[in-house]
There are 2 protein chains.
Amino acid sequence: MRNEEVFSVRGDAELTARAGHLFESARTEFLCAARDLKTWSQPEARAAVRNRMRAADHADFTPQKLLSPVALADEEARAHLWLVRSKGALVRISRSPLPYETILIDRRVMILAGQETPTGREYTVTTSQILVDGVHSLFRAIWDTAVDLETYLRSDVPHLDADVRMILKALGSGLTDESAARRLGVSLRTYRRRVAELMAELDADSRFQAGLRAGELGLPH
Amino acid sequence: MRNEEVFSVRGDAELTARAGHLFESARTEFLCAARDLKTWSQPEARAAVRNRMRAADHADFTPQKLLSPVALADEEARAHLWLVRSKGALVRISRSPLPYETILIDRRVMILAGQETPTGREYTVTTSQILVDGVHSLFRAIWDTAVDLETYLRSDVPHLDADVRMILKALGSGLTDESAARRLGVSLRTYRRRVAELMAELDADSRFQAGLRAGELGLPH
DNA sequence: GCCAGTCTGGCAGCAAGCTGCCAGGAGCTC
DNA sequence: GAGCTCCTGGCAGCTTGCTGCCAGACTGGC
């Protein structure tokens, strides 16, 4: 393998210096997987992608951002994501943590970020076609099972809420309302009220649809 | 980056020669993502893993195989998977194609397979920690959303069946049985019969549960 | 205290879903 | 054609789910 196909840099400055042009060179595809929005914060890279966005007609250049749910933790982050989205990027949320950030450009270049260290984050840049293709297919696999930002937010219900989880669990276990209500120690009326609320939150017209949504979002987890 | 951290080989013989010892060296983790069972067919590698399995106490060494649904196409493949599973490996099925095969050993070594060529398949082997960690986290993400072999087979229904898809779609769209039956041009009785059959196939007691299963399995796709 | 707001559970009635039964019809073999 | 199987759809009766309405209970503020 030719040595120049893989190299590492340490710190954002060095990354910008040695790989900044790669961001500019994006032509058809810009895939980004990250835990949150902090990693790719180098202004230069952002600017490069922004320029690219401006220049391109969006039909053939749509960045795709794949994030874990923690990226939605604060309002600022959400606002930024909506902005990104409004500019034509696709944003999806994966259930998994994605601790190591990844960027794929035009199925040609891959940039992987390592852990933060005192001397700066280390990045590995590669153009090895096998490595890029392999990671590309993994990215696609996660992308396919991730849910769209809008869908995610629309049903980003308080599922931390223990009550709702109980209802979901009861529904998912296939009990009748009567047994479920008894098991949860509430009246039939209240149980059904809860179910109706849950269905409203999931924007579902039927229980089947509610189950479907819940399953798609992986809610019982 | 030190050059020896990444190298490529062409053909199974060369892979075995230069990386065979890595298979033997697996101590705690052996992750494998593949489209089907044909790729990692080199007897030497298989034997190495088998040896490893025999030697280890299974509590701290469980290979994890992640496959796409096409791996279940024929009976022979299914039988093999059951065998693998009975020996302690975990097998999961991902909805995505996974065209490029990946092996991760002890979070230390990664082997990616490229496309088949006339002179043999090309493999890239790397021990770069950043690359390995990055791919490892992507693998984990897919693994988390993939379904267990048993679960998959239990409900590996003929969803290729256009009829069933229609029913699912109708249910998923939140129509009442009456509208759905009208839309599908069947009687209410028949529609409900179909729904009941579907529920039986999904092993569901309630429509919610059926929806949940369907959602988990990504059936509307 | 009194008032407002929120949550609960019973009741009642309707809508939706489920299923056993049976009558037809299509396609098949003999 | 007779006999058979498989599928369909109507009917009927039952269960389950859904929801509006109202009464009671609790909380917090004034």
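The shown structure was predicted, so the numbers you read here are calculated from the model rather than taken from an experiment. Reminder, nothing fancy here: chain letters follow the sequence lines and each chain counts from 1.
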Taking [Y]'s backbone N and O only, do any of them form a donor-acceptor pair with [X]'s side chain (distance below 3.5 Å, no angle check)?
| X | Y | result |
| --- | --- | --- |
| Asp148(B) | Glu150(B) | yes |
| Ser206(A) | Gly174(B) | no |
| Arg213(A) | Leu202(A) | yes |
| Ser94(A) | Ser96(A) | yes |

Among [options], find the nucleotide with the atom closest to the side chain of [X].
| X | options | result |
| --- | --- | --- |
| Thr176(A) | dT8(C), dT16(D), dT19(C) | dT16(D) |
| Asp177(B) | dG17(C), dG17(D), dT8(C) | dG17(C) |
| Ser187(A) | dT19(C), dG10(C), dT8(D) | dG10(C) |
| Arg192(A) | dG9(D), dG9(C), dG17(D) | dG17(D) |
| Met199(A) | dC18(D), dG9(C), dT8(D) | dC18(D) |
| Arg189(B) | dG9(C), dT19(C), dC18(D) | dT19(C) |

Is the phosphate of dG17(C) approached by Arg207(B) (side-chain N or O, under 4.0 Å from OP1 or OP2)?
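The answer is yes; a side-chain N or O of Arg207(B) sits under 4.0 Å from OP1 or OP2.
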
Most 5' of Tyr191(B) and Leu175(A) on DNA chain D, judged by nearest nucleotide
Tyr191(B)

On DNA chain D, does the nearest nucleotide to Val186(B) precede the nearest nucleotide to Ser206(B) from the 5' side, or the other way round? Give the residue.
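Whichever sits nearer the 5' end wins; that is Val186(B).
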
Tell me the interatomic distance from [X], atom [atom1], to [N], atom [atom2], rounded to whole angstroms.
| X | N | atom1 | atom2 | result |
| --- | --- | --- | --- | --- |
| Leu188(A) | dG20(D) | CG | C1' | 15 Å |
| Phe208(B) | dG17(C) | CZ | C1' | 17 Å |
| Gln209(B) | dG17(D) | CD | P | 12 Å |
| Asp205(A) | dT19(D) | CG | C1' | 15 Å |
| Arg193(B) | dC6(D) | CZ | P | 14 Å |
| Glu178(A) | dG10(C) | CD | P | 12 Å |
| Leu171(B) | dA16(C) | CG | P | 15 Å |
| Glu197(B) | dT8(D) | CD | C1' | 12 Å |

Rounded distance (nearest 0.5 Å) linking atom CZ of Arg107(A) with atom OG of Ser137(A):
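Between Arg107(A) CZ and Ser137(A) OG, I get 7.5 Å after rounding to 0.5 Å.
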
